[in-house]
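For the numbers below, each heavy atom of this structure counts, side chains included, while hydrogens, waters and symmetry mates do not.
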Amino acid sequence: MPVKASGKELIGLLANEEIRQFTYSLNKNKETTQEIEILRYSNSRCKKDGTVERKHCGFVVFGVDWNLLKVKRVYRSRFAIESSYRMRNIVRPKTSTRNPVARYFFAIVSFLLKNIWVVLLFEHFRKKQRGPIVIKSEWFRFDAFIDSMLDALIVIRNGKNENLDIVQAS
């Protein structure tokens, strides 16, 4: 799990080039302190003006004896899963029902909307070029897709379909 650097001590430990792995204490001033193990790494990137920007980050590791490269590789594969859950939460209706069937239905509909958006991106919003497929998600943002879906639902609900090519069952 990535570390959110907050607090002077943690930021200082992450910026320290000497250490690669360290133990950090949460809630030091309270009676329930928690020790966590952190693997530190640095990302460097070259900016347009030629200067190098260095970002110090870390991963919280617990119960695993992995090296830094394996931790980064595992987290990179998890990132797509976590971002899909974040996108699901954008379209999932806010409900207080305890009915598991209704909650499961809302989750399925939200994942279905996200997957439809991904298919539309892949089919209609990719760069036509040789080589690897480059999808331009800024050409059709997820929030624009959701807004167009809501507009279509409102039109269908009101019974006006002059702008939509929808076949209605009689």
A.B. asks: Using the test ring-ring contact (aromatic ring centres under 6.0 Å, His included), find all partners of Phe111 that sit at least two apart in sequence or belong to another chain.
C.D. replies: Tyr85
A.B. asks: Between Glu37 and Val60, is the side chain to side chain contact (heavy atoms under 4.5 Å, CB included) condition met? List the steps.
C.D. replies: CA-CA 6 Å; Glu37 198 70 29; Val60 175; over 6 Å; no
A.B. asks: Is any side-chain heavy atom of Ile135 closer than 4.5 Å to a side-chain heavy atom of Ile133?
C.D. replies: yes
A.B. asks: How would you list, by chain and number, every residue that makes a side-chain hydrogen bond (donor to acceptor under 3.5 Å, both in side chains) with Thr51, sequence neighbours excluded?
C.D. replies: Asp49
A.B. asks: According to ring-ring contact (aromatic ring centres under 6.0 Å, His included), who are the partners of Phe105, at least two apart in sequence or on a separate chain?
C.D. replies: none
A.B. asks: Going by the angle between their ring planes, with limits at 30° and 60°, are Phe140 and Phe125 parallel, tilted or perpendicular?
C.D. replies: parallel
A.B. asks: Report yes if some heavy atom in the side chain of Leu39 is under 4.5 Å from a heavy atom in the side chain of Trp66; otherwise report no.
C.D. replies: no
A.B. asks: Do Arg126 and Val134 touch side chain to side chain, with heavy atoms closer than 4.5 Å?
C.D. replies: no
A.B. asks: The criterion is side-chain hydrogen bond (donor to acceptor under 3.5 Å, both in side chains); which residues satisfy it with Arg45, sequence neighbours excluded?
C.D. replies: Glu53
A.B. asks: How close do Ala102 and Thr97 get, heavy atom to heavy atom, and via which atoms?
C.D. replies: CB-CG2, 4.1 Å
A.B. asks: Quick check: do Val71 and Val61 have side-chain heavy atoms less than 4.5 Å from each other?
C.D. replies: yes
A.B. asks: Do Val119 and Trp139 belong together in a cluster built from hydrophobic side chains that touch within less than 4.5 Å?
C.D. replies: no
A.B. asks: Sequence neighbours excluded, which residues qualify as side-chain hydrogen bond (donor to acceptor under 3.5 Å, both in side chains) partners of Glu138?
C.D. replies: none
A.B. asks: Please round to the nearest 0.5 Å and tell me the distance separating atom CH2 of Trp117 and atom CD1 of Ile146.
C.D. replies: 9.5 Å
A.B. asks: I need the Phe142 CZ to Leu120 CG distance, nearest 0.5 Å.
C.D. replies: 11.0 Å
A.B. asks: Check whether any side-chain heavy atom of Val52 sits under 4.5 Å from a side-chain heavy atom of Lys47, and report yes or no.
C.D. replies: no
A.B. asks: Using a 4.5 Å cut-off between side-chain heavy atoms of Ile, Leu, Val, Met, Phe, Trp and Tyr, which other residues end up in the same hydrophobic cluster as Tyr104?
C.D. replies: Ile108
A.B. asks: Would you call Phe145 and Ile116 a side-chain contact if the rule is heavy atoms closer than 4.5 Å?
C.D. replies: yes
